[in-house]
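In what follows, a single structure is set out as structure tokens and then discussed.
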Amino acid sequence: MKSMWTSSKPINGLRHFVLVNKIKEKDQIENLMVSVLDVEISLKISTKELINTDEWTEGWLDLPKSESITKDYLEYKLSNDSKQGISKIFVNDNSIFNIS
């Protein structure tokens, strides 16, 4: 599975994400995604959701700035919601983002 993905809809105002880790939870594989532009914006989604072509596209689409960074991003950063979420990211040894 590729590591670069574009969301069909902005998530907290951003659309370009990387897959940094896979986690097995409750007999299901969860994918830890992090925004390319802001590491504070991260999410866990199932593989089924990730490969649903209506929601995600493999690779980064070449989008106009107004579509890749929406006004919702600024609103999110100014809100208290940006202070919540995943506090630490642990990268597996076999992740392409493991540089140690």
Side-chain angles (χ1 to χ4, degrees):
M1 186 178 302
K2 294 194 179 193
S3 60
M4 300 179 293
W5 293 85
T6 303
S7 174
S8 61
K9 298 175 188 165
I11 298 172
N12 295 323
L14 301 176
R15 295 190 49 197
H16 295 104
F17 290 80
V18 291
L19 171 63
V20 295
N21 220 350
K22 293 183 180 188
I23 305 162
K24 185 174 183 177
E25 290 184 351
K26 301 177 187 170
D27 298 327
Q28 180 172 292
I29 302 295
E30 295 286 332
N31 299 280
L32 179 59
M33 308 288 288
V34 177
S35 166
V36 174
L37 298 176
D38 188 339
V39 0
E40 292 179 2
I41 298 178
S42 58
L43 64 145
K44 281 195 296 187
I45 60 173
S46 70
T47 299
K48 182 179 178 181
E49 182 181 353
L50 184 61
I51 61 174
N52 178 347
T53 57
D54 291 339
E55 296 179 32
W56 291 92
T57 302
E58 271 189 88
W60 293 332
L61 299 179
D62 187 16
L63 302 171
K65 184 177 179 181
S66 62
E67 290 181 34
S68 63
I69 307 171
T70 69
K71 62 181 171 68
D72 294 337
Y73 176 64
L74 178 58
E75 291 172 11
Y76 171 77
K77 291 305 281 186
L78 294 173
S79 75
N80 286 332
D81 291 343
S82 70
K83 311 296 185 271
Q84 300 171 7
I86 299 171
S87 59
K88 291 185 180 181
I89 297 173
F90 297 97
V91 179
N92 289 342
D93 289 341
N94 61 351
S95 170
I96 64 170
F97 295 97
N98 185 356
I99 58 174
S100 59

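Positions are given from 1, in the same order as the sequence printed here.
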Expected list for residues 48-56: side-chain donor-acceptor pairs under 3.5 angstrom, two or more places apart:
from  : atom 1 : to    : atom 2 : distance (Å)
Asn52 : OD1    : Asp54 : N      : 2.9
Asn52 : ND2    : Glu55 : OE2    : 3.3

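- Atom CD1 of Ile45 sits about 10.0 Å away from atom CG of Leu32, to the nearest 0.5 Å.
- One hydrophobic cluster holds both Val39 and Val18 under the rule that ILVMFWY side chains link at heavy-atom gaps under 4.5 Å.
- Between atom OG1 of residue Thr70 and atom CG of residue Asn12 there is a gap of 9.0 Å, rounded to the nearest 0.5 Å.
- A heavy-atom distance below 4.5 Å is found between the side chains of Tyr76 and Ile41.
- You'll find the side chain of Tyr73 stays beyond 4.5 Å of the side chain of Leu37, heavy atoms only.
- There is no path of hydrophobic side-chain contacts, each under 4.5 Å, that joins Leu63 to Val36.
- The ring-ring contact (aromatic ring centres under 6.0 Å, His included) analysis of residues 24-46, with sequence neighbours excluded, yields no pairs.
- Taking the side chain as every heavy atom from C-beta outward, Leu14 and Ile69 approach each other to under 4.5 Å.
- You'll find the side chain of Ile11 stays beyond 4.5 Å of the side chain of Met33, heavy atoms only.
- Residues Ser42 and Val34 come closest through the heavy atom pair CB-CG2, 4.0 Å.
- A donor-acceptor distance shorter than 3.5 angstrom exists from the side chain of His16 to the backbone of Leu61, with no hydrogens or angles considered.
- Put simply, OG on Ser66 and NZ on Lys71 are 12.0 Å apart, with the number rounded to the nearest 0.5 Å.
- Formation of a donor-acceptor pair under 3.5 Å by the Arg15 side chain with backbone atoms of Ser7 is found in this model.
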message: Apply side chain to side chain contact (heavy atoms under 4.5 Å, CB included) to residues Asn31 and Trp5 and explain how you reach the verdict.
response: CA-CA 12 Å; Asn31 299 280; Trp5 293 85; over 6 Å; no
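- Under a 3.5 Å cut-off, the side chain of Ser3 and the backbone N or O of Leu19 do not form any donor-acceptor pair.
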